[in-house]
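The structure presented is a predicted model; accordingly, all values stated were derived computationally and were not measured. For the numbers below, each heavy atom of this structure counts, side chains included, while hydrogens, waters and symmetry mates do not.
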Amino acid sequence: MKTENVSRTVLAAGVCAVFAATALLYAPDFAPGLFDDGPPPAPGPAARAMIAANAGAEASLPDIAALIGDREKWLKAHPDDEASWAVLGAAYTERGGRLGDAAFYPRAEQALRRSLAVVPAERGNLDAQLGLGALANAQGDWKSAKTWGERVRKANPKRWSAYPLLIDAYNGLGDYKSAQQAMARLAELHSGAQVSTRAAQTYRNRGWREDASAAALDAVGQAETGTEKAAALTRLGDLAWERGEPEEAVAQYGTALGLVPDHGPALAGRARALAALGRTDEAFRDYRAALDRQPLPEYVLEAGELYESLGLDADARAQYDRLTSGVWANRSNAEVVLGLFEADHGEADAAVRRLEAEWARGHRSVHVADALGWALFRAGEPKDALEYAKRATDEGLRSALFSYHRGEIERALEEYGPARRHLAEALRINPWFSPLLAPKAEEAVKALGEPPDELPSELRSEPSGTENAAKPEKNEKAEQAREPKP
């Protein structure tokens, strides 16, 4: 239910390698001891952002804003500094992603293209190429991100900052094997919180929950800034929520918010966990704060569905209107969110068209597969839907939503055994996975009832002396008829 994968690496991928080229611009911050005998003071905000990027850490939003202002001022007097244009473009991308404001993205592209105009890619301008790849990831253009990342990897296979970019791109394309290979290479080349966070993501996608939690905990311990630690704690909260542990999730999100009070993902995560615990007033407070800080479409949809689940139809409609009237282009997961919204609250045929277009673009992640399968089901095409639902659930990620969608599709196809299994699985994974759909999953499990005591004929023991007797042909329709119908 969330979007992941851009905020921690966008700035690092775009600027860490150009730190050495620009560090002397901050000499008064970094090394006053070269000119006097006193201890060096702490670096200023712009320098802190550069230091964080160089280490692969996450800079604070105020420091990123300071870096943007510093580079804008510098470039007015030095317009041919390709390294600073790359820094500025990467910082615009990071700020846009962290604020949920796509208006920064055209400015980011303009700065990065200016860097390439000064020093083209063929002359070794890897920083601008990394920046354009990170920008493409932030906009959900996974194919372009893959192209930029692979160009950098080919030019310099040891450039570690290319690999987080590639991991995101491969995940968006549904190429999980390549994502795992990129993760392994990243772990060989670099270390720290960013690598552990990426490892947690990779383990989660494979369904290795314990390993994911251990890697996320390592990231918390390795974090070098409060902002980076808050992001790692938020990942721990996300994993706890996905396991159906809302109390643990609230605790992790709360610790993150103690470090960064306006951290959008932590606010939204705590809101959904508080709702599961019945603390709806607090949940609405956190949703409002999250939307003020980072107005992402998934947060709007979540808030609307919580309002609807409580019978607050006017408030729900206000959120849905905000979703349909908003401009969500150039968002990494907007098409999936809008497709699910249309499937459940709008026109299912429109959802199918939207998600089929996404699939045709080569965006074949499990999230797109699940959403497209659900849209087809809601549009009255359960047979076609099932193939996509299977693709979503069979890849490895353990998602209560995916299991629920598959179970309902199977129930419509009168495949009652698999339907019972997947609907029950959804509730085992997370009994509170959706304020609207979790109660429907419970109703569906009750309607299906207990599995029949009688074994199917093909599993029964043959009576003695009949091993060589002719066996009747299997009647599949008769076998299905034995299953209790809801």
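At a threshold of 4.5 Å between non-hydrogen side-chain atoms, the residues Y203 and L239 do not count as touching. Put simply, the side chain of E94 reaches to within 4.5 Å of the side chain of E58, judged on heavy atoms. Side-chain atoms of R198 and D168, non-hydrogen and from C-beta on, do get closer than 4.5 Å to each other. Using a 4.5 Å heavy-atom threshold, the side chains of K143 and T147 count as separate. For the pair R285/R270, a side-chain contact is recorded, criterion being any heavy-atom separation below 4.5 Å from C-beta on. Side-chain atoms of P164 and H190, non-hydrogen and from C-beta on, never get closer than 4.5 Å to each other. Residues L267 and Y299 have side chains not in contact (no heavy-atom distance under 4.5 Å, counting atoms from C-beta outward). The shortest side-chain heavy-atom distance between V368 and R361 does not fall under the 4.5 Å cut-off.
Taking the charged nitrogens against the carboxylate oxygens, E443 and K446 have no contact shorter than 4.0 Å, which rules out a salt bridge. For D262 and R98, the salt-bridge test fails: no basic side-chain N is under 4.0 Å from an acidic carboxylate O. Using a 4.0 Å cut-off between charged side-chain N and carboxylate O, R279 and D286 make no salt bridge. Salt-bridge formation is not detected for the pair R353/E356: no Lys NZ or Arg NE/NH1/NH2 atom is positioned less than 4.0 Å from an Asp or Glu carboxylate oxygen.
When all heavy atoms of P431 and A438 are compared, the closest pair comes out as O-CB, 3.4 Å. Contact between A276 and P246 at its shortest, heavy atoms only, is CB-CB, 4.1 Å. Of all the heavy atoms in A240 and A249, the pair that sits closest is CB-N, 3.8 Å. Across all their heavy atoms, A230 and V260 have their closest contact at CB-CG2, 3.7 Å. A pairwise comparison of heavy atoms in T234 and A256 identifies OG1-CB, 3.7 Å as the closest pair. For the pair A145 and A136, the tightest heavy-atom approach, listed with the atom from each and the gap, is N-CB, 3.5 Å.
Other residues, nucleotides and ligands contribute only 12 or fewer heavy atoms inside 6.0 Å of the CD atom of E347.
Under a 3.5 Å cut-off, the side chain of D370 and the backbone N or O of V366 do not form any donor-acceptor pair. Judged by distance alone, the side chain of R364 and the main-chain N or O of W359 form a donor-acceptor pair under 3.5 Å. Under a 3.5 Å cut-off, the side chain of W432 and the backbone N or O of A273 do not form any donor-acceptor pair. For the pair H345 (side chain) and F341 (backbone), a donor-acceptor distance under 3.5 Å is absent. In this structure, T280 contributes its side chain and A283 its backbone to no donor-acceptor pair below 3.5 Å. Distance alone, capped at 3.5 Å, is enough to place a donor-acceptor pair between the Q294 side chain and the G97 backbone. For the pair R235 (side chain) and A216 (backbone), a donor-acceptor distance under 3.5 Å is absent. With hydrogens and angles ignored, the 3.5 Å screen pairs no side-chain donor or acceptor of R406 with any backbone N or O of G373.
Between the CG atom of N137 and the CD atom of Q139 there is a distance of 10.0 Å, given to the nearest 0.5 Å. Atom CG of L173 is separated from atom NZ of K146 by 6.0 Å, given to the nearest 0.5 angstrom. E305 CD to L301 CG: the interatomic distance, rounded to the nearest 0.5 Å, is 4.0 Å. Considering NE2 of H405 and CG of L386, their distance stands at 13.5 Å, rounded to 0.5 Å. Expressed to the nearest 0.5 Å, how far CG of L236 lies from CD of Q252 amounts to 4.5 Å. The structure places CG of L130 at 12.5 Å from CZ of R153, a figure rounded to the nearest 0.5 Å.
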(request) For L189 and R185, run side-chain contact (heavy atoms from CB on, under 4.5 Å): C-alpha distance rounded to whole Å, both residues' side-chain angles, the deciding distance at 0.1 Å, then the answer. (result) CA-CA 6 Å; L189 296 172; R185 185 60 173 150; 3.9 Å; yes

(message) Show, in sequence, the C-alpha distance, side-chain angles and deciding distance for L277 and E247, and conclude whether the side-chain contact (heavy atoms from CB on, under 4.5 Å) test is met.
(response) CA-CA 8 Å; L277 297 172; E247 296 92 345; 3.6 Å; yes

(request) Walk me through it: do F377 and W374 pass the test ring pair (Phe, Tyr, Trp, His ring centres under 6.0 Å)? (result) CA-CA 5 Å; F377 165 70; W374 185 243; 5.0 Å; yes

(message) For a side-chain contact (heavy atoms from CB on, under 4.5 Å) check, start with the C-alpha distance between M183 and Y163, then their side-chain angles and the critical distance, and finish with the verdict.
(response) CA-CA 7 Å; M183 178 63 237; Y163 293 93; over 6 Å; no

(message) ring pair (Phe, Tyr, Trp, His ring centres under 6.0 Å), that's the test. Do Y253 and W241 meet it? Break it down for me.
(response) CA-CA 10 Å; Y253 293 133; W241 165 251; 8.6 Å; no

(request) Test L338 against R354 for side-chain contact (heavy atoms from CB on, under 4.5 Å), laying out the working first. (result) CA-CA 8 Å; L338 294 172; R354 180 186 293 275; 3.5 Å; yes

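With respect to Y307, the ring-ring contact (aromatic ring centres under 6.0 Å, His included) criterion is satisfied by exactly one of Y287, F284, Y320: F284.
Counting only N and O atoms by type, the side chains of R428 and S403 include no donor and acceptor under 3.5 Å apart. For the residue pair E408 and Y404, a side-chain donor N or O sits within less than 3.5 Å of a side-chain acceptor on the partner. A donor atom on one side chain and an acceptor atom on the other are not found under 3.5 Å apart for Q201 and R204.
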